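Scroll down for the structure; my scribbles are underneath it.
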There are 2 protein chains.
Amino acid sequence: MNRKAQIRKTLANAGLKATVQRLVILEALTNNYSHPTAESIYKQIKKDYPSISLSTVYNTLEVFRQCGIIRIVNTDSITARYDSVTDMHHHIFVENDNKIKDYYNPELDKILKKFFSKNKIPNLEINDIQLQIRGKYIKIHAN
Amino acid sequence: MNRKAQIRKTLANAGLKATVQRLVILEALTNNYSHPTAESIYKQIKKDYPSISLSTVYNTLEVFRQCGIIRIVNTDSITARYDSVTDMHHHIFVENDNKIKDYYNPELDKILKKFFSKNKIPNLEINDIQLQIRGKYIKIHAN
DNA sequence: TCCGAGTTAATAATCGTTCTAAATTAGGAA
DNA sequence: TTCCTAATTTAGAACGATTATTAACTCGGA
């Protein structure tokens, strides 16, 4: 199944009409691994689809979020950054350039799950566990 | 050393003048474990010190943040929430009531540190590792 | 005490987001 | 297909949180 068909399927599963706007917004987000802001999704889409409204981008992202097909990344910034991956994964916050990278590591996931099944937090039903790794990229000198 | 003396010391170590405003703001934050917003710190302080300005609260929190004596908690919300604890700890996001609780567990910290010293991320110098645990509080029925 | 840098207060400005209401559109029924 | 209705989109106003501006104040050193 190609990407566009996959996106249509995601919308159908969520019970959402497959409007042009929803298709392009979700496609923009799934093609973008930089955890973009609403504004930057809007700018990207506007190139090919100039009549799109910023409101629509915000509204649609909020609809997607409520359906659970996207998320807002937890950050210390005012501006929301969106993530189309809802499977278990972690984030690397790169201090040099304000980028957020995904970090996948099934071994780590296993360790975390094991830890919290042994060490239950009283009365809490855990829905999601996510690591935030904050760091700086360092230059490697070959000499 | 009492709390007020400790706060004075923290300011001195950061090279900051110990003004009344800074003292009350930092005291309010260190006494408050709910990761308050700027607005709620402002309201709390205003009771005892009515001439304080909301701007001062914002400015001062930002000064503290830049000095590294407080942090902004990573959240998916528009409103910044502040944390006076900068030692390694994690956060529990309680979905029922929008509260953020601290989670300390030295054993977990050891596991995480060990994992990342074994599994280095190329070119990345890690400054902080933090877990975000999202969940719901469940009622326990005794019968 | 006086000076000057640092700090604060009040408020205007800005930014990101949400709301509102009118226009448009999608998709089902006839 | 055409019509109908509810859902969706658009543009722009409104809003809330934060930041900037600037004049007044204050602290600590000379």
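Heavy-atom basis, side chains included; hydrogens, waters and symmetry copies ignored. In what follows, every chain begins at residue 1, and chains take the letters A, B, ... in the order their sequences are listed. Because the structure is predicted, anything quoted here is derived from the model rather than measured.
- Taking only side-chain nitrogens and oxygens, Y58(B) never comes nearer than 4.0 Å to OP1 or OP2 of dT19(D).
- Nearest approach of L124(A) to G135(B), heavy atoms of both residues: CD1-C, 4.0 Å.
- The distance from atom CD of Q21(B) to atom C1' of dA24(D) is 13 Å, rounded to the nearest whole Å.
- Contact annotation for S51(A): backbone-only contact, meaning every heavy-atom pair under 4.0 Å involves sugar-phosphate atoms and none involves a base.
- Atom P of nucleotide dC15(D) and atom CD of E39(B) are separated by 16 Å, given to the nearest angstrom.
- Residue-level contact check: T56(B) touches the bases, meaning some heavy atom is under 4.0 Å from a base atom.
- Rounded to whole Å, atom P of dT17(C) lies 14 Å from atom OH of Y42(A).
- Between the CG atom of L11(A) and the C1' atom of dA7(D) there is a distance of 14 Å, given to the nearest Å.
- Residue-to-nucleotide contacts include a donor-acceptor pair under 3.5 Å from the side chain of S55(A) to the base of dG12(D).
- Listed here is the closest heavy atom pair of F64(B) and L11(B): CE2-CD2, 3.6 Å.
- Of the possible donor and acceptor atoms, one in the side chain of N74(A) sits under 3.5 Å from a partner among the backbone N and O of D76(B).
- Separating the CG atom of L23(A) from the P atom of dT8(D) is a distance of 13 Å, rounded to the nearest angstrom.
- To the nearest angstrom, C1' of dT14(C) lies 15 Å from CG of L54(B).
- In this structure, the nucleotide among dA26(C), dT18(D), dT10(D) sitting nearest to the side chain of I78(A) is dT18(D).
- Taking every side-chain heavy atom of S53(B) into account, dA10(C) is the closest of dT18(D), dT10(D), dA10(C).
- Ring geometry, H35(B) versus H91(B): the interplanar angle exceeds 60°, so the pair is classed perpendicular (tilted spans 30 to 60°).
- A straight line from CD1 of I41(A) to C1' of dG16(C) spans 14 Å, rounded to a whole angstrom.
- Distances shown here put every side-chain N or O of T19(B) at or beyond 4.0 Å from the OP1 or OP2 atom of dC27(D).
- Counting to the nearest Å, the P atom of dT8(D) and the CD1 atom of I25(A) are 13 Å from each other.
- Each of N59(B) and T79(B) lies near DNA chain D, and the nucleotide nearest T79(B) is the one positioned closer to the 5' end.
- Comparing T60(B) and V20(A) by the nucleotide of DNA chain C whose heavy atom lies nearest to each, the residue mapping closer to the 5' end is T60(B).
- Of the possible donor and acceptor atoms, one in the side chain of T60(B) sits under 3.5 Å from a partner among the backbone N and O of T56(B).
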